[in-house]
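Basis for what follows: all heavy atoms, side chains included, without hydrogens, waters or symmetry-related copies. Letters A, B, ... mirror the listed sequences (proteins, then strands); counts begin at 1.
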2 protein chains.
Amino acid sequence: MTRDIPPYDPLPRSTVRAGARPTARHLAERLGVATSTITRAFDEHSRISEKLRQRILALADEMGYQPSAIARSLNRRRTGIIALVMGDMANPFYPAVLEEFSLQLRRTGRQVLLFVVPPGGDADQLMPQVLQYQVDAIVVTAAKLSSPMSNLCGRQGVPVVFMNRRVGDPTVWSVCCDNECMGAAVAEYLVGQNRRHCAFVSGDLDVSTTTDRLRGFERGLAAHGQRLIACVQGGYTYAGAREAASRLFGTGQAKIDAVFCANDVMALGVLSHLRLNTSLRVPQDVAVVGFDDIRDAAYPENSLTTVRQPVREMIECAIGLLDEGRPGGSVAQALREVPGRLVLRSTA
Amino acid sequence: MTRDIPPYDPLPRSTVRAGARPTARHLAERLGVATSTITRAFDEHSRISEKLRQRILALADEMGYQPSAIARSLNRRRTGIIALVMGDMANPFYPAVLEEFSLQLRRTGRQVLLFVVPPGGDADQLMPQVLQYQVDAIVVTAAKLSSPMSNLCGRQGVPVVFMNRRVGDPTVWSVCCDNECMGAAVAEYLVGQNRRHCAFVSGDLDVSTTTDRLRGFERGLAAHGQRLIACVQGGYTYAGAREAASRLFGTGQAKIDAVFCANDVMALGVLSHLRLNTSLRVPQDVAVVGFDDIRDAAYPENSLTTVRQPVREMIECAIGLLDEGRPGGSVAQALREVPGRLVLRSTA
DNA sequence: AGCCTTCGTGCAATCGTGTGCACACATGGG
DNA sequence: CCCATGTGTGCACACGATTGCACGAAGGCT
């Protein structure tokens with residue numbers, strides 16, 4: 001032990017105070033080792049004698065020590081935090097997405113920092129706060145994000161994934177159900193059931209999710225020489241869809257015998273209107289088809305025919321993309337489509 | 001400028017690399033100032049000349065610089081992150097709570113780190129991860145947390161608030177609706193409507209939310225010389241409640257003319273059973289009352305009479321408690337009850 | 001016995017920001 | 001003219017963990 005003795009104590013004041021969180025330094029002092037050794041005890045791949053590791057872990061357990069994820073993040077320049085920016089919590093589809101996202105991410109040791117976009121609000125305003133927290137990636141769903149803002153994320157090296165929405169920007173990923181195909185599949189099915197007067201209840205017409213489904217639906221109808229009879233806005237909400245239905249089935253309208261809705265919440269609104277305010281029978285007089293396959297769709301009093309969005313697979317896909325960084329190629333290459341499935345129940 | 005020149009360059013290598021996030025140091029180099037000056041430009045209460053501050057903010061804007069919340073958290077020992085631990089995302093009441101929580105917290109510049117407890121799971125397993133992230137407080141809702149675990153949080157100085165659940169632990173806060181009062185109010189109302197054979201559909205009987213409502217309900221009945229005819233478990237779910245209803249209204253049962261359910265989801269399940277599988281009319285033959293006042297309760301085809309939980313006020317209360325640290329006194333003092341309100345619609 | 005490799009640990013710098021202290025300079029009062 | 005008071009800025013260290021490098025010890029090989 002002829003090592004130079006440094007001129008001052010490298011751990012000058014005892015840092016053990018009651019009521020504060022223990023740090024690696026506290027453990028190090030108690031065991032007479034360096035803080036770096038504490039680190040290594042918690043790292044699977046570090047070289048450290050098994051005996052010492054066990055002593056450290058035991059003491060950590062006793063003192064309630066856990067390495068600080070904040071300090072680690074600073075050093076590693078990875079926080080393990082994924083920002084989830086989400087609007088429209090009123091549609092049960094999105095809480096379901098949220099739940100699945102959270103569960104899947106935790107399996108890989110990552111956390112969800114949630115940002116709810118207030119109804120009618122804009123994700124842009126949130127982005128400064130999102131970026132301050134040095135999140136590893138951003139997932140946006142049911143919300144708008146301007147192109148300058150997603151560029152800002154790009155400049156900072158933060159990958160962005162849109163869930164259930166497609167944007168014409170090759171620098172961000174998009175993960176969707178194959179909306180257009182499924183729209184066509186619905187048309188196909190309805191025509192096969194001898195429906196001849198189909199209508200569509202849309203969400204916002206500037207959102208890909210709605211327009212893709214609509215385009216597919218019209219294409220499917222056209223393939224059988226038919227055309228859409230009516231297209232009304234339902235604003236993605238139950239109340240909006242009831243309103244829309246009252247317009248569709250108001251007096252003096254063409255006789256509609258099938259309604260395809262851009263989501264389940266609206267389909268349930270349409271059903272509600274038909275049952276309470278008309279004498280039309282579902283499905284005999286009018287077929288109703290939704291999209292998403294939310295939990296309520298399967299309830300026996302609804303028993304809604306709908307398109308199932310494969311939430312688990314879509315999220316697996318999105319999480320896979322997070323780890324790839326930012327898309328390299330064209331708009332088409334930045335899009336991932338996961339196949340949906342038509343679920344036949346009692347309304348069509 | 002006769003200041004001593006230090007023996008080495010304090011900012012040795014130029015740190016401006018493309019593709020990386022700009023830091024205070026990058027700005028400092030560009031402007032020839034110290035990094036601490038950059039900090040001060042972003043702090044309202046720091047002394048700094050207005051002119052220099054403007055120059056700094058302008059450059060920050062141009063370079064896309066934002067102070068790192070991670071580094072700041074390390075220094076200040078406050079992260080501004082609140083952990084929200086939540087189970088039962090299938091009940092729309094909780095996403096609504098989540099949304100409101102997130103919006104209210106952001107108003108005070110704080111963020112939500114979300115932990116979803118998988119169905120049937122336990123919050124205990126999540127706590128190590130929660131604590132690693134040095135959250136400023138933990139809010140638990142619709143999930144169980146063991147006493148040793150909440151003690152661990154206590155030792156680390158992290159306040160814990162239970163939302164919509166009461167625990168017998170004076171070291172953690174609880175925020176509830178005045179469940180027992182409202183249970184009594186429901187009984188009062190039903191008896192006043194000449195209901196004489198009341199039943200209760202419970203959630204888990206080891207959760208205060210259910211037992212308080214039940215106790216109040218029984219107390220209210222007793223005040224009018226009545227007793228509960230039946231009490232069945234609905235497991236908080238729609239399917240469970242349908243099942244429970246089929247037992248309540250199965251053949252050979254006493255004639256029940258009112259059902260009070262521990263939440264709206266179950267009340268809707270009971271309604272569904274009554275409408276689809278019996279010839280009983282609601283409310284003429286049977287009254288149904290729920291609890292929560294979720295969005296679906298107000299839909300015209302449900303029009304459910306229920307108890308409104310004042311979500312906004314409960315969350316305001318919970319957030320107020322977060323800032324107070326940990327409760328100091330008795331179990332009773334650690335409980336905050338916010339008054340609910342009976343909402344009369346068409347089912348009772 | 002001597003050399004080389006492997007193992008286990010300490011040292012010190014680093015991540016990016018916040019903050020107490022010191023210092024230079026300007027201002028005002030006596 | 002001198003001193004007390006403010007103002008604006010830099011310096012250096014702290015926050016808590018990670019990590020490349022160095023070094024001593026141990027063990028295998030010839």
### Message
Could you check whether A:Phe42 and A:Tyr65 have their ring centres less than 6.0 Å apart?
### Response
yes

Return the value, rounded to whole Å, for the distance between atom [atom1] of [X] and atom [atom2] of [N].
{"X": "A:Arg53", "N": "C:dT9", "atom1": "CZ", "atom2": "P", "value": "10 Å"}
{"X": "A:Arg47", "N": "D:dA22", "atom1": "CZ", "atom2": "C1'", "value": "12 Å"}
{"X": "B:Glu44", "N": "C:dG18", "atom1": "CD", "atom2": "P", "value": "14 Å"}
{"X": "A:Leu52", "N": "C:dC7", "atom1": "CG", "atom2": "P", "value": "16 Å"}
{"X": "A:Leu27", "N": "C:dG10", "atom1": "CG", "atom2": "P", "value": "13 Å"}
{"X": "B:Leu31", "N": "D:dG10", "atom1": "CG", "atom2": "C1'", "value": "15 Å"}
{"X": "B:Gln132", "N": "D:dA17", "atom1": "CD", "atom2": "P", "value": "10 Å"}
{"X": "A:Ile48", "N": "C:dG10", "atom1": "CD1", "atom2": "C1'", "value": "12 Å"}

### Pairs touching residues 111-135 of chain A that satisfy side-chain hydrogen bond (donor to acceptor under 3.5 Å, both in side chains), sequence neighbours left out
A:Gln111-B:Gln129, A:Asp124-A:Ser146, A:Gln129-B:Gln111

### Task
Identify, with sequence neighbours excluded, every residue that meets side-chain hydrogen bond (donor to acceptor under 3.5 Å, both in side chains) alongside A:Arg312.
A:Glu316

#### Entry: Residues forming a side-chain hydrogen bond (donor to acceptor under 3.5 Å, both in side chains) with A:Ser147, sequence neighbours excluded
none

#### Entry: With sequence neighbours excluded, residues passing side-chain contact (heavy atoms from CB on, under 4.5 Å) with A:Arg47
none

### Query
Does any donor atom in the side chain of A:Arg326 or A:Thr171 lie under 3.5 Å from an acceptor atom in the other side chain?
yes

### Message
Quick one about A:Arg25 and A:Thr23 (side-chain donor to acceptor, distance below 3.5 Å, no hydrogens or angles considered), yes or no?
### Response
no

### Query
Within the distance-only criterion (no hydrogens, no angle test), does the side chain of B:Arg107 pair as donor or acceptor with the backbone N or O of B:Ser102 below 3.5 angstrom?
no

Find every protein N or O atom lying less than 3.5 Å from an N or O atom of nucleotides 18-21 of chain D, and list the pairs.
from: D:dT18; atom 1: OP1; to: A:Arg72; atom 2: NE; distance (Å): 2.8
from: D:dT18; atom 1: OP1; to: A:Arg72; atom 2: NH2; distance (Å): 3.3
from: D:dT18; atom 1: OP2; to: A:Thr39; atom 2: OG1; distance (Å): 3.0
from: D:dT18; atom 1: O4'; to: A:Asn75; atom 2: ND2; distance (Å): 3.3
from: D:dT18; atom 1: O2; to: A:Asn75; atom 2: ND2; distance (Å): 3.4

### Message
Determine whether A:Val161 and A:Leu322 satisfy the following criterion, side chain to side chain contact (heavy atoms under 4.5 Å, CB included), listing intermediate values before the conclusion.
### Response
CA-CA 7 Å; A:Val161 178; A:Leu322 297 184; 3.5 Å; yes

### Task
Could you check whether A:Ile70 gets within reach of a base, just the sugar-phosphate, or nothing at all, counting any heavy atom under 4.0 Å?
nothing

### Task
Work out how much the helix from C:dA1-D:dT30 to C:dG30-D:dC1 bends between its end axes, five pairs an end, to the nearest 10 degrees.
50°

## Note on the structure
Between B:Ser49 and A:Leu74, the residue closer to the 5' end of DNA chain D by nearest nucleotide is B:Ser49

